[in-house]
Amino acid sequence: MPESSTFARRIIDWFEHNRRDLPWRRTYTPYQVWISEMMLQQTQMDRAVPYFERFVARFPDVHALAAANEEEVLKLWEGLGYYSRARNIARAARIVAESGGEFPRSRAELTALPGIGPYTAGAILSIAYNEDEPAVDANVERVYARVFDIDAPMAEREAKARVRELAAQLLPTGESRIYNQAVMELGALVCTPRAPRCDTCPVSEDCEARRLGIVAQRPVPGRKKDIVPLEVATGVLVRDGRLFVQKRPEGQVWAGLWEFPGGTVEAGETPQQAVVREFDEETGFTVSVREPIAIVRHGYTRFRVTLHCFLLDMADASAEPHLTAATEYRWATPRQLDELAFPAGHRKLMDLMRGDIRFTHLFRI
DNA sequence: AAATCGTGGCA
DNA sequence: TTGCCAAGATT
């Protein structure tokens, strides 16, 4: 075990010289720290920054956010993924605003808010309030797994407990704001998953995995889950210059986001047959394929999706939809579509159509 | 405990 | 092209 105060000091000194300039590192208001940490869950820093800027510009404090409607919050989250984070943020803002607007300052109160777990609570307590609380994320786990040669996968409770214990022990009193960020920054910039830059690491002398030459084997990888290829068909139905979209219900992927109807291509079925069947099942509309638009590839969670997209015609232009897979529908102009939040694959589809001479006329409204 | 929830960048 | 992974939370 390295001497804890010099260990922490070396990491803090390194951080002072290498920290990235970030918008939420300017004032450390609890609200901004909270928003940034929610955005950073399972998301890399560079990707979150522009979302953060837009979000706090539109909702500068917890009261503004509490008054927001969920649609607008989701629109600001579009493309970031894990949309329950956005819905939880809106819910938590209402809870905080109703109890006076003061952001909680204890781990128990923070964890009670939707979307805030052990890591985010520790991050808010330390970064916003400088309370002596550890904040253990994947960066911290990786750094400590290497420095202390933890030989069990982080998925195991014992390994997690060991890291948490170390994080609490090594935390220099009164410096959690800087130390917790410093360890995470070290993990993000130096002690990286692949090709770590041990030659520039401030604690390489203390690193047991480096001494043993097994840095690449720490942390021990957990069981990897298979990626499942998925064929999906979706259709763009146009009537009087407006496109048919529906809103996804709660309790499933992309809850609260809008989409073009569609679904998985079943065995023995062509994508064309699938989109006709799915439209019938989800809307009651009888449609036919006018022409293929594009094939969009994207992934989500453990799936790799090949999205077959078609332009459709309706048999009965005056038919009313009977929704079975959505809470709401709209015939929307392209301009109106831009105000709604879509999953990335469907947003890609729209972008492709706009850039395709065959379909630009549909997007002139 | 293990699955689920998104997305894009990287090698 | 495919697999890996990221400032995790929830059920």
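Remember, predicted model here, so these are calculated numbers, not experimental data.
- Note: NZ (A:Lys225) to P (B:dC5) measures 12 Å, nearest angstrom.
- Rounded to the nearest Å, the gap between the P atom of B:dT4 and that of C:dA7 is 24 Å.
- Residue A:Met45 is classed as a base contact, given a heavy-atom separation below 4.0 Å to a base.
- Distance A:His298 NE2 to B:dC5 P: 13 Å, rounded to the nearest Å.
- Residue-to-nucleotide proximity on DNA chain C shows that, of A:Leu40 and A:Thr111, the 5′-proximal contact is made by A:Leu40.
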Dump every N/O contact between nucleotides 9-11 of chain B and the protein below 3.5 Å, one line per pair.
none

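- Between A:Asp240 and A:Arg242, none of the side-chain N atoms (NZ, or NE/NH1/NH2) sits under 4.0 Å from a carboxylate O, so this pair counts as no salt bridge.
- Between A:Phe148 and A:Tyr144, the angle of the ring planes goes over 60°, which puts this pair in the perpendicular group of the 30/60° scheme.
- Within the nucleic acid shown, A:Pro343 comes within 4.0 Å of sugar-phosphate atoms alone, with no base atom in reach, counting heavy atoms only.
- The distance from atom CZ of A:Phe303 to atom P of B:dG8 is 17 Å, rounded to the nearest whole Å.
- For A:Ile116 and A:Glu37, each mapped to the nucleotide of DNA chain C holding its nearest heavy atom, the one lying further toward the 5' end belongs to A:Glu37.
- Taking the six-membered ring for Trp and thresholds of 30 and 60 degrees, A:His346 and A:Phe260 have nearly parallel ring planes, at less than 30 degrees apart.
- For A:Ser318, the side chain to side chain donor-acceptor pair (under 3.5 Å) partners are A:Asp316, not counting sequence neighbours.
- In this structure, A:Met39 atom CE and B:dT7 atom C1' are separated by 15 Å, rounded to whole Å.
- Just one residue in the list A:Glu71, A:Glu78, A:Glu72 forms a side chain to side chain donor-acceptor pair (under 3.5 Å) with A:Lys75, and that residue is A:Glu78.
- Atom-to-atom, CE of A:Met154 to P of B:dA2 comes out at 17 Å; the value is rounded to the nearest Å.
- Under a 4.0 Å N-O distance rule, the pair A:Arg9/A:Glu175 qualifies as a salt bridge.
- Shown here are the side chain to side chain donor-acceptor pair (under 3.5 Å) partners of A:Glu278, two or more places apart in sequence or in another chain: there are none.
- For DNA chain B, the residues of residues 78-91 of chain A within the heavy-atom distance limit of 4.0 Å (strictly under) are A:Gly79, A:Leu80, A:Gly81, A:Tyr82, A:Tyr83, sorted by number.
- For residues 23-34 of chain A, proximity to DNA chain B is found at no residue, defined as any non-hydrogen atom under 4.0 angstrom from a strand atom.
- As a member of the Ile/Leu/Val/Met/Phe/Trp/Tyr network built from side-chain separations under 4.5 Å, A:Ile295 groups with nothing else and remains a singleton.
- Pairs passing the side-chain hydrogen bond (donor to acceptor under 3.5 Å, both in side chains) check and including a residue from residues 193-205 of chain A, sequence neighbours excluded, do not occur.
- Using a 4.0 Å cutoff on non-hydrogen atoms, the parts of residues 117-126 of chain A near DNA chain C are A:Gly117, A:Pro118, A:Tyr119, A:Thr120, ordered by number.
- Counting any heavy atom pair closer than 4.0 Å across all strands shown, A:Gly115 reaches sugar-phosphate atoms only and no base atom.
- A:Glu165 is linked by a side chain to side chain donor-acceptor pair (under 3.5 Å) to nothing, counting only residues two or more places apart in sequence or in another chain.
- In this entry the distance linking CH2 of A:Trp254 with P of B:dT4 reads 14 Å, nearest Å.
- For A:Leu307 and B:dG6, the CG to P distance is 16 Å, given to the nearest whole Å.
- Ion pair A:Asp338/A:Arg347 flagged as a salt bridge, since at least one NZ, NE, NH1 or NH2 atom sits closer than 4.0 Å to an Asp/Glu carboxylate oxygen.
- Here A:Glu281 pairs with A:Arg277 in a salt bridge; the nearest charged N to carboxylate O distance falls below 4.0 Å.
- In this structure, the CZ atom of A:Arg157 is 11 Å from the P atom of B:dA2, given to the nearest Å.
- Within the nucleic acid shown, A:Arg347 has no heavy atom closer than 4.0 Å to any nucleic acid atom.
- The side-chain hydrogen bond (donor to acceptor under 3.5 Å, both in side chains) pairs that include a residue from residues 207-221 of chain A are A:Asp149-A:Arg218, A:Glu208-A:Arg211, where partners are two or more places apart or lie in different chains.
- Here A:Glu185 lies in heavy-atom contact (under 4.0 Å) with a base.
- Partners of A:Glu16 by side chain to side chain donor-acceptor pair (under 3.5 Å), not counting sequence neighbours: none found.
- Taking the six-membered ring for Trp and thresholds of 30 and 60 degrees, A:Trp331 and A:Phe244 have ring planes more than 60 degrees apart, a perpendicular arrangement.
- Salt-bridge annotation for A:Glu141 and A:Lys160: present, with a side-chain N of the basic residue lying under 4.0 Å from a carboxylate O of the acidic one.
- The outermost nucleotides of DNA chain C lying under 4.0 Å from heavy atoms of chain A, listed 5' to 3', are C:dT2 to C:dT10.
- The pair A:Arg248-A:Glu259 counts as a salt bridge, with a side-chain nitrogen and a carboxylate oxygen less than 4.0 angstrom apart.
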